Amino acid sequence: MDYQFKDIEQKWQQFWAENQTFKAEDKTTKPKYYVLDMFPYPSGAGLHVGHPLGYIASDIFSRYKRLKGFNVLHPMGYDSFGLPAEQYAIQTGQHPAITTEANIATYRRQLDQLGFSFDWSREVRTSEAGYYKWTQWIFMQLFNSWYNKAADKAEAIDKLVEHFEQNGSAGIDAVCDEEILSFTADEWKALSNEAQQAELLKYRLTYLRESTVNWCPALGTVLANDEVKDGFSERGGFPVEQKKMMQWSMRITAYADRLLKGLDTIDWPEPLKEMQRNWIGKSVGALVRFAVEDKSEFIEVFTTRADTIFGTTFLVLAPEHELVASLTTPGQKEAIDNYIAQAKKKSELERMADAKTVSGAFTGSYAVNPLNGEKIQIWIADYVLAGYGTGAVMAVPSGDQRDYLFAKQYLLPIIPIIDIQNIEKEADPTKEGHYINSGFINGLTYKEATAAVVAKLEELGAGKAKVNFRMRDAIFGRQRYWGEPVPVYFKDGLPQLIAEADLPLVLPEVDKYLPTEDGEPPLARAKGWNYNGLEYELSTMPGWAGSSWYWFRYMDAQNDTAFASPEAIAYWRDVDLYIGGSEHATGHLLYSRFWNKFLKDIGKTAEEEPFKKLINQGMIQGRSNFVFRMIDEVGRATNTFVSHGLIKDYRVSPLHVDVNIVENDVLDINKFKQFRSDFADAEFILENGKYVCGVEIEKMSKSKYNVVNPDVLVERYGADTLRMYEMFLGPLEQSKPWNTNGIEGVFKFLRKFWRLFHDDAWKFNVSDAEPSKAELKSLHKIIRKVEEDVERFSFNTSVSSFMIAVNELTDLKSNKRAILQDMVIILSPYAPHICEELWTMLGNPAGHTLLYSIP
RNA sequence: GCUCAGAUGGUGGAACUGGUAGACACGCAGGACUUAAAAUCCUGUUCCCGUAAACGGAGUGCGGGUUCGAUUCCCGCUCUGAGUACCA
């Protein structure tokens with residue numbers, strides 16, 4: 001029989017499902033290997049051809065590892081809380097759980113037809129109570145913990161309380177809020193319970209605090225920094241503004257240093273590590289205190305160039321700085337007020353747009369340089385950011401270009417401080433040379449000077465060495481419905497955890513998915529929803545909560561007494577290979593590392609890093625096709641279409657055309673006439689009897705008619721062909737446009753492979769004769785090549801090698817069992833259905849992934 | 001601006017540690033089979049010169065360098081993509 005991919009694929013998919021062929025074992029002496037894909041958000045649009053790329057690669061690798069004798073965990077699930085289902089619910093009144101369920105069904109069908117070897121018995125869905133019970137549980141552990149810098153790990157909050165009771169606040173080195181109380185043991189004990197709780201909140205790893213947040217009015221919720229791009233929400237593209245709100249946050253900054261250091265221990269793409277390094281933004285420098293002249297106040301600045309302190313000719317505060325009002329003299333009040341009003345009006349975007357225009361205002365006050373007693377002016381300017389460092393800088397115009405421009409604009413002095421500095425046209429931030437005009441560090445080099453200045457500042461009590469991070473604590477609350485409820489209620493205005501026995505705190509029903517009239521989150525609509533009469537927290541957790549620990553749940557997905565059993569965690573430990581997109585660099589991947597480290601600190605997990613090796617699969621872009629509609633003399637669109645090669649001779653306007661009615665850039669004219677009713681009587685100006693379309697690379701999207709659905713390709717060529725074609729397209733990590741041209745080549749290859757086992761009449765015909773030298777040579781070449789390729793994730797080259805091998809064996813008219821049986825095994829990770837079929841036709845038992853190993 | 005990645009035929013790409021550039025596939029051209037088409041098979045296909053072949057010349061974004069030898073290593077530049085953006 002000819003190659004009947006449809007029957008073969010259906011048959012084996014059913015067999016694998018019924019026999020749970022790919023179920024990972026929990027008790028085995030085999031070495032473990034954990035292959036993880038980034039689980040999808042099940043959107044309404046279903047999968048397009050770009051989504052499975054990473055899944056195919058991970059599936060090939062998983063199947064390969066099984067052949068190599070590993071006990072492979074290769075699970076799949078759904079990140080099923082999220083905004084689109086909720087937006088849809090707002091529009092239609094349909095409960096998000098219902099649309100989510102329907103979308104998951106579509107995803108599952110699409111995934112199944114590709115023949116993935118997922119262990120579905122371990123499926124997780126973040127929106128199910130059985131799962132989010134443990135997301136809430138982790139939240140509670142974070143609430144019950146503080147970060148002990150001395151031990152460099154998270155510890156139980158009870159230990160902190162114990163310390164307070166015995167020693168007061170002395171001897172505690174914690175990551176905490178800035179305004180903490182200093183007290184003795186007796187003073188602590190004398191505090192009311194409320195006061196104690198309020199104080200502890202400043203230490204907890206998840207805490208409630210008034211903070212400036214990214215508020216998105218259109219979405220009606222706050223967003224985390226990584227969910228905002230250029231002043232607009234990442235989802236939906238709505239404007240985002242800054243607003244002060246009481247908010248739940250995660251003290252991820254406690255882990256900043258460990259998150260940074262850990263990067264050196266993991267096998268991740270360098271650009272991704274670089275992105276995380278930049279996001280964490282560690283900078284080593286010093287805090288310097290400048291006293292304000294004739295006032296008791298002082299201004300603290302952060303600088304990475306303490307050595308340049310003698311070049312400081314003014315101070316600049318952010319317009320939002322808390323001391324601005326008190327520093328402003330009566331004479332300068334109007335100027336300052338005007339400036340602040342003006343700065344406030346500017347949106348984030350405008351502020352970035354005029355990065356080059358310099359503006360600011362003088363407060364009228366003066367500060368004193370702690371090292372030389374110089375009196376310098378205090379200004380405000382929006383080039384200083386309130387959110388970074390202390391919101392104030394010491395301006396050294398000779399060394400910093402921003403300060404330089406500012407000094408030029410407002411005629412402030414510029415003092416050179418290094419002998420080789422050239423400051424005629426711009427600032428010179430050099431670290432070479434020796435210091436001048438710099439008091440006691442004159443003549444020293446950069447290294448010596450920095451150390452000397454910091455030592456002197458410490459001696460004078462005017463400063464100290466300080467490491468600063470750009471990363472902020474992560475805002476954790478969302479004023480939305482479709483997310484995990486926060487397991488907290490309020491008593492006397494203070495947050496309290498609900499009892500662990502009351503988990504999960506189930507998402508209540510509401511009449512509408514919108515905020516209430518007085519602006520409270522949707523959960524305020526829930527009738528009778530309270531904790532023994534006390535009010536629950538009304539915000540829900542952000543999208544990244546559920547995905548920050550899901551790889552642990554796969555280890556033991558059904559467990560009802562722990563997020564995963566200690567035995568399961570001790571065996572599976574961490575993810576050996578993680579495949580997914582680089583768009584999660586500063587969100588999911590950072591939060592996951594954070595939670596992983598926390599869970600290790602509290603003794604629940606085994607490894608410091610969750611994902612040993614990570615590969616970014618490239619984005620599959622859309623490849624749009626265009627037709628060219630002729631424009632007549634008066635500028636009206638006609639119903640005549642000009643082939644691409646001829647458009648220079650006509651006036652035309654390009655029009656997207658559905659890529660599914662175009663093959664190799666040639667338009668199917670009949671299908672085009674049915675594409676839209678007004679094209680029914682379209683006319684064409686052809687070249688060589690064909691209508692050739694234009695091409696452009698764009699994002700894959702419905703509106704551009706360039707979405708290619710895998711269902712269509714599976715229907716036409718089968719899953720094995722699609723799997724191999726996606727790999728054949730190019731290196732996994734590289735972004736590339738999808739182009740269905742060429743899939744025929746892979747299909748032909750599989751058919752040719754099939755034919756090796758059959759005679760001219762398509763009758764199964766395999767010989768038991770001894771293979772020739774040439775045949776053995778081909779076989780050994782391909783085995784070696786494919787092993788090398790898989791180990792370095794070069795799947796595209798192994799597909800080529802398979803083609804070469806099959807071409808060679810076809811030329812040799814080889815039909816020897818000794819050759820073909822091994823070919824089946826090495827090809828099986830790539831094209832599992834056809835291989836399983838041929839494997840059984842050769843007389844072997846089915847389900848060979850468990851039984852056989854690589855030759 | 002800064003950081004990172006990349007640039008090879010008509011197209012996707014290969015050449016892994018410096019050793020025959022263009023594997024494999026698509027497309028295209030020609031041919032076989034067919035009444036015809038599809039499917040299938042065969043041949044050719046980097047460019048230039050040459051009727052064709054042998055042969056000759058050029059060639060991996062551009063300009064230099066190291067080397068017996070460079071797509072590969074080094075320096076400078078151009079362009080494309082991604083990330084980031086007044087971070088003191």
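In the text below, chain A, chain B and the rest are named by the order of the sequence lines, each starting its count at 1. Predicted model, so just to flag it, every value in this text is computed and none were measured. Side chains included, hydrogens not; waters and symmetry mates left out as well; all remaining heavy atoms used.
One finds a salt bridge joining A:Glu274 and A:Arg277 here, because a Lys/Arg side-chain nitrogen approaches an Asp/Glu carboxylate oxygen to under 4.0 Å. Electrostatic pairing of A:Asp2 and A:Arg751 counts as a salt bridge here, judged by a charged N lying under 4.0 Å from a carboxylate O. Salt-bridge formation is not detected for the pair A:Arg792/A:Glu788: no Lys NZ or Arg NE/NH1/NH2 atom is positioned less than 4.0 Å from an Asp or Glu carboxylate oxygen.
B:rG61 adopts an anti glycosidic conformation, its chi angle falling more than 90° from 0.
Picking from B:rU3, B:rC86, B:rA88 the nucleotide with the shortest atom distance to the side chain of A:Thr303 gives B:rA88. Comparing B:rA88, B:rA25, B:rA85 by their closest approach to the side chain of A:Asn807 singles out B:rA25.
Between A:Leu827 and A:Met724, some side-chain heavy-atom pair lies under the 4.5 Å cut-off. With a 4.5 Å cut-off on side-chain heavy atoms, A:Lys785 and A:Thr797 count as touching. For the pair A:Lys408 and A:Ile414, the minimum side-chain heavy-atom distance is below 4.5 Å.
Mapping A:Phe302 and A:Val799 onto RNA chain B by nearest heavy atom places A:Val799 closer to the 5' end of the strand.
Taking atom P on both nucleotides, B:rA70 is separated from B:rC28 by 37 Å, rounded to a whole Å. Remark: the separation of the C1' atoms in B:rU67 and B:rG56 is 27 Å, to the nearest Å. Rounded to the nearest Å, the gap between the C1' atom of B:rG61 and that of B:rA5 is 16 Å. Rounded to a whole angstrom, the distance from the P atom of B:rU3 to that of B:rA85 is 16 Å. Straight-line distance between the C1' atoms of B:rC79 and B:rG69: roughly 29 Å, to the nearest whole Å. Using atom C1' as the reference point in both B:rU72 and B:rG27, the two lie 29 Å apart (nearest Å). Rounded to whole Å, the separation between the C1' atoms of B:rA23 and B:rG13 comes to 10 Å. Spacing between B:rG76 and B:rU17 at atom P, rounded to whole Å, works out to 24 Å.
Once rounded to the nearest 0.5 Å, the distance linking SG of A:Cys693 with CD1 of A:Ile661 reads 8.0 Å.
Between the C1' atom of B:rG1 and the CD atom of A:Glu426 lies a distance of 12 Å, rounded to the nearest Å. Regarding A:Leu53, its CG atom lies at a distance of 14 Å from the C1' atom of B:rG12, rounded to whole Å. Between the P atom of B:rG12 and the CD1 atom of A:Ile620 lies a distance of 14 Å, rounded to the nearest Å. Across the protein-nucleic acid pair, A:Phe314 atom CZ and B:rA88 atom C1' stand 12 Å apart, rounded to whole Å. Atom NZ in A:Lys699 sits roughly 11 Å away from atom P in B:rA82 (whole-Å rounding). Put simply, CD on A:Gln276 is 12 Å from P on B:rU84, counting in whole angstrom units. When rounded to the nearest whole Å, the span between CZ of A:Arg470 and P of B:rU3 equals 16 Å. Going from atom CE of A:Met724 over to atom C1' of B:rG12 covers 16 Å, rounded to whole Å.
Remark: A:Tyr383 is not in phosphate contact with B:rA88, judged by side-chain N or O atoms under 4.0 Å from OP1 or OP2. A close approach under 4.0 Å does not occur between any side-chain nitrogen or oxygen of A:Asn739 and OP1 or OP2 of B:rG27. OP1 or OP2 of B:rC87 sits under 4.0 Å from a side-chain N or O of A:Arg402. Side-chain N/O atoms of A:Ser801 include none lying less than 4.0 angstrom from OP1 or OP2 on B:rA23.
For RNA chain B, each stem of at least three Watson-Crick or G-U pairs (distances under 3.5 Å) is given as range with range: B:1-7 with B:78-84, B:10-12 with B:24-26, B:27-32 with B:40-45, B:46-48 with B:56-58, B:61-65 with B:73-77.
Here A:Asn278 lies out of heavy-atom contact (under 4.0 Å) with every strand. At a threshold of 4.0 angstrom between heavy atoms, the contacts of A:Asn468 with the nucleic acid are absent.
The aromatic rings of A:Trp544 and A:Tyr591 lie parallel to each other, with less than 30° between the two planes, well short of the 60° mark. A:Trp379 and A:Tyr410 have tilted rings, their planes meeting at an angle from 30° to 60° on a 0 to 90° scale.
Without hydrogens or angle criteria, A:Ser801 side chain to A:Ile782 main chain gives no donor-acceptor distance under 3.5 Å.
A donor and an acceptor atom, one from each side chain of A:Ser778 and A:Glu808, are located under 3.5 Å apart. Under the 3.5 Å distance criterion, with hydrogens and angles disregarded, a donor-acceptor pair is assigned to the side chains of A:Tyr388 and A:Ser283.
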Any chance you could list the contact pattern along nucleotides 13-20 of chain B? Use B for base contacts, S for sugar-phosphate-only contacts and - for none, protein heavy atoms under 4.0 Å, 5' to 3'.
SSSB----

5' to 3', nucleotides 38-46 of chain B under a 4.0 Å protein heavy-atom cut-off (B base, S sugar-phosphate only, - none) gives --S------

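Checked against the 6.0 Å centroid criterion, the rings of A:Tyr383 and A:Phe406 qualify as a close aromatic pair.
Checked against A:Tyr725 for a ring pair (Phe, Tyr, Trp, His ring centres under 6.0 Å), the options A:Phe749, A:Trp738, A:Tyr717 give a single hit: A:Trp738.
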